Number of protein chains: 2
Amino acid sequence: MANRKVSNMLALAVLSLLNEKPMHPYEMSATMKQRGIPDVIKLNNGSLYSVVEALLKHGWVVPLETSREGKHPERTIYAPTDAGKAEFHDWLRELIYEPAKEYPHFPAALAFIGHVSPQETAGLLDQRIGFIRKNVAERRAGMDYAASQGLSRIFLIEAEFIVHQSEAELKWLLAFKEDIKNGRLTEQVNGETAWHMSVPPDEELLP
Amino acid sequence: MANRKVSNMLALAVLSLLNEKPMHPYEMSATMKQRGIPDVIKLNNGSLYSVVEALLKHGWVVPLETSREGKHPERTIYAPTDAGKAEFHDWLRELIYEPAKEYPHFPAALAFIGHVSPQETAGLLDQRIGFIRKNVAERRAGMDYAASQGLSRIFLIEAEFIVHQSEAELKWLLAFKEDIKNGRLTEQVNGETAWHMSVPPDEELLP
DNA sequence: TTTCGTATAGTCGACATGGACTATGTGATG
DNA sequence: CATCACATAGTCCATGTCGACTATACGAAA
């Protein structure tokens, strides 16, 4: 993947918004909130301003004018440069066609699940299942409401994806729990149910 | 979720390794690589040393001894404290039962897909599908090899999860492509196929 | 025998991140 | 009618992160 000079995903959102019309950072923030962007891109004040600063430094945006309203701090309104527009289009396409190398926490934690007993693991998985079901229900409700207001499906497509992946995770969690309960991953060690943990003698695991 | 004093997942791996036996950072790094940890936790030199430093500062680990081999730099061997062991167990459990709030790139990019034409999107999705199929095949091969060497399934459980989620994504990508091709998301705008993009008049999208 | 790749072991510094903070105006609430 | 919460607009800075770099040793290839 190309090494983006500004890699924070907030910058993608900023470029997208400026492609619609010039804005000052605070308006970007408000617009993003209204559109639910913070559900998929971590938004916080400090990062937004420093990301805009970075975009400026690399010539993707330029200040158009600065104004002030009453005694509020001064506002700087930014517009995208041609290079900024090109960067946006190129970056967006790359994000779609090339899977990013990411490190979600859950699979990482699974790598150490041997440190938790099978019974306790089953209980923890139950709690996770509860949380995810709740998240899915909430997201579904939000989607239904937005659709009922006349918003096209294409604007909700990222929520569709997230719900789909969450449901896949639910399926996997239930199957994993079943495998624990049915003893397909465990053995009896002096009366206790423990993970079946055999390791090749030489640890020759790198083909 | 509890605010971990050291939140980098590398720290979890470090604590896990030190729970087995005291080590110096370079040995941790080598052991992690041998076990395939870098597939699920981003490992890099600089981060490892600063994470160990942070663990030390917060009292999760202590230096046991420092030694040197020839003219190589000095090595500091660390051991976990009781607090460090407790932190490890608590953190690991939390990661299992509570879904983390994460921001993967793909759904974020989907939120801006309106900026790419339906036809081009279909092409990009095809490329993504190709990449993911390749990743799945490679991971499967690695799992099969490890299993053939006698490694228990529980040590491969994170790879199982990742493959499962990747296959779910593939399914979704194919369905999305179908919806584009069948015109379930598009309309004709002066001869061109474009996304159907209606927005409620008032943008009253926050219930 | 020089050079190349790789293992050993760790340091450094530029940049990114995000929580906390400043300061003002305004509508609501008790 | 005081104060509380929230909107407006942005700054600051302690930490965290990670690529690049240092320096030594050693076997193999050229």
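It should be emphasised that the depicted structure is a prediction, and the values quoted were computed from it without experimental measurement. Below, chain A is the first sequence line, B the second, and so on; all start at residue 1.
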Do the side-chain N or O atoms of [X] get closer than 4.0 angstrom to the phosphate oxygens (OP1, OP2) of [N]?
X       : N      : answer
A:Ser47 : C:dT17 : no
B:Asn8  : D:dG16 : no
A:Tyr26 : D:dT8  : yes
B:His24 : C:dT8  : no
A:Asn45 : C:dG18 : no
A:Lys42 : C:dG18 : yes
B:Tyr49 : C:dT11 : no

Can you tell whether the side chains of [X] and [Y] come within less than 4.0 Å, N to carboxylate O?
X        : Y        : result
A:Glu20  : A:Arg35  : yes
A:Glu94  : A:Arg4   : yes
A:Arg128 : A:Glu169 : yes
A:Glu98  : A:Arg93  : no
B:Lys21  : B:Glu27  : yes

In whole Å, I'd like the distance from the [atom1] atom of [X] to the [atom2] atom of [N].
X       : N      : atom1 : atom2 : result
A:Leu48 : C:dG19 : CG    : C1'   : 15 Å
A:Lys5  : C:dA14 : NZ    : C1'   : 16 Å
A:Met9  : C:dT17 : CE    : P     : 12 Å
B:Leu56 : D:dG16 : CG    : P     : 13 Å
B:Asn3  : C:dA20 : CG    : P     : 9 Å
B:Leu10 : D:dT17 : CG    : P     : 9 Å
A:Leu55 : C:dC15 : CG    : P     : 15 Å
A:Met28 : D:dT8  : CE    : P     : 15 Å

> Taking for each residue the nucleotide of DNA chain C bearing the nearest heavy atom, is the 5' side occupied by B:Gly46 or by A:His58?
Replying inline: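 Counting from the 5' end, the first nearest nucleotide belongs to B:Gly46.
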>> Within the 4.0 Å heavy-atom criterion, would you say A:Ser50 contacts the bases, only the backbone, or no part of the nucleic acid?
In response: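 The answer is base, as A:Ser50 lies within the cut-off (heavy atoms under 4.0 Å) of a base atom.
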